[in-house]
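Take a look at the structure set out below.
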Amino acid sequence: MLSAKPASSSRTRQRDKTESLSTTSDPTQNLDIPAEETDVQVSLEKLFVPPETDAPSAGSATSSLSARILKGSNIVLAKYARDAQISQAEFVKSSVRTEDCPSDGLPEFALVGRSNVGKSSLLNSLVRRKRLALTSKKPGKTQCINHFRINDSWYLVDLPGYGYAAAPQELRIDWEKFTKDYFLNRPTLVSVFLLIDASIPARKIDLEYASWLGVNQIPMTLIFTKCDKRKKKKNGGKRPEENVNDFQELIRAFFQTAPPWIMTSSVTNQGRDEILLHMAQLRNYWLKH
């Protein structure tokens, strides 16, 4: 697994960019926000509040507070959450080295997760195309850094899944090496979106990956997948909401503040709009600063 080491100075500067979102008095103005209120109870201290954004207070009206938090997440909206929808998406290239990735300077968001977590399905859901990213019943299919250009202005990046035991050991080491290098040295990386299967209890390999990102101060959003799946209580299974809470508690020590998270399902499209709005506010701030 990836070993912890101090973050590079370039990555620290990148983190400063993505952590400095500001807001207006009406953060929901001109936003494409789902009409439903959030259905997950999040305490104030566990909200992801962008710096320079007024944090909700205990005295905030419930309706006002709900309007500022993305449904099924802990993310408070800021004024940069605009132009979120995807109208165009195209595959650009596959790379095996960070230096071979596109050099046009456009901001990008990297999707990574354990093999078979639903990464390709989520990417296809985001762009509303069934086969933009090839989905396979065989885990470990993605073996390169795959760039997809969105609206001719930013990138979604599909990274190799980790934890696929059937892959040759040498290949697994290569995947981890160039993925780690990409995280630490890609100046246009706005945030890593780490996918976690919420239908099962936390896995050690996922906890290690999340803690490595935290220790190295890589901007990260937790994307909990398969939230439509319900385990039967009589069989000892937990609801997705319970697994989401458990995972956050287990990685809490590696983060100074609560990382942003969103609950999703590629089957029902739960979380799709919320992810796009979250990406939009991070991206638009990054472009401005």
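Any value given below was found using the heavy atoms of this structure, including those in side chains, with hydrogens, waters and symmetry copies removed.
Between T225 and S266 there is no side-chain heavy-atom pair separated by less than 4.5 Å. Inter-residue side-chain proximity for Q248 and W261 is flagged as met; some heavy-atom pair is nearer than 4.5 Å. Residues R149 and F91 are not in side-chain contact: their nearest non-hydrogen atoms beyond the backbone lie 4.5 Å or more apart. Between L213 and F183 the shortest side-chain heavy-atom distance falls below 4.5 Å. Side chains of R186 and C101 form a contact here, defined as non-hydrogen atoms less than 4.5 Å apart. The closest side-chain heavy-atom distance from T188 to L106 is not below 4.5 Å. Looking only at side-chain heavy atoms (C-beta outward), F48 and T221 stay at 4.5 Å or farther from each other.
Salt-bridge check for K71 with E274: failed, with every basic side-chain N at 4.0 Å or more from each acidic carboxylate O. A salt bridge links D100 with R97: the distance from a Lys NZ or Arg NE/NH1/NH2 to an Asp or Glu carboxylate oxygen falls below 4.0 Å.
In this structure, F109 and F193 have perpendicular ring planes: the angle between them is above 60°, well past the 30° mark.
There is no path of hydrophobic side-chain contacts, each under 4.5 Å, that joins V96 to V112. L287 and M279 fall within the same hydrophobic cluster, where Ile, Leu, Val, Met, Phe, Trp and Tyr residues are linked whenever their side-chain heavy atoms come under 4.5 Å apart, directly or through other members. In the hydrophobic clustering of this structure, L44 groups with F255; members are Ile, Leu, Val, Met, Phe, Trp, Tyr whose side-chain heavy atoms approach within less than 4.5 Å, directly or through other members.
Although no hydrogens or angles enter the test, the distance criterion places a donor-acceptor pair under 3.5 Å between the side chain of R272 and the main chain of L126. For S211 (side chain) and E208 (main-chain N/O), a donor-acceptor pair under 3.5 Å exists by modelled atom type. With D197 contributing its side chain and V117 its backbone, the two residues share no donor-acceptor pair below 3.5 Å. Judged by distance alone, the side chain of N269 and the main-chain N or O of S265 form no donor-acceptor pair under 3.5 Å. Judged by distance alone, with hydrogens and angles left aside, the side-chain atoms of K93 form no donor-acceptor pair with the main-chain N or O of F148 at under 3.5 Å. Proximity of a side-chain donor or acceptor of E249 to a complementary backbone N or O of D246 within less than 3.5 Å is not detected. At least one donor-acceptor pair closer than 3.5 Å links the side chain of K119 to the backbone N or O of L159. In terms of modelled atom types and a separation under 3.5 Å, the side chain of N284 and the main chain of Y80 share a donor-acceptor contact. Using modelled atom types, one side-chain atom of N74 and one backbone atom of P259 make a donor-acceptor pair closer than 3.5 Å. The closest donor-acceptor contact from the side chain of R114 to the backbone of I205 lies at 3.5 Å or more, if one exists at all.
In the model, H147 has no side-chain atom that pairs as donor or acceptor with a side-chain atom of S95 under 3.5 Å. Side-chain contact annotation: N151 with S153, donor-acceptor N/O pair under 3.5 Å absent. Residues T98 and N185 have side chains that never bring a donor and an acceptor to within less than 3.5 angstrom of each other. A donor atom on one side chain and an acceptor atom on the other are not found under 3.5 Å apart for Y155 and N146. Defined by atom type and a distance below 3.5 Å, a donor-acceptor pair is missing between the side-chain atoms of W154 and E108.
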Given the rule in the side chain to side chain contact (heavy atoms under 4.5 Å, CB included) test, do T179 and I145 qualify, once you have shown the distances and angles that lead to the verdict?
CA-CA 8 Å; T179 301; I145 304 172; 5.8 Å; no
Take L276 and Q85, measure what side chain to side chain contact (heavy atoms under 4.5 Å, CB included) needs, and give me the verdict at the end.
CA-CA 7 Å; L276 293 179; Q85 294 304 317; 4.1 Å; yes
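For the side-chain contact (heavy atoms from CB on, under 4.5 Å) criterion with D206, the lone passing option out of L195, I196, L222, L194 is I196.
Screening residues 278-287 for salt bridge (Lys or Arg N to Asp or Glu O under 4.0 Å) gives no qualifying pairs among residues at least two apart or on separate chains.
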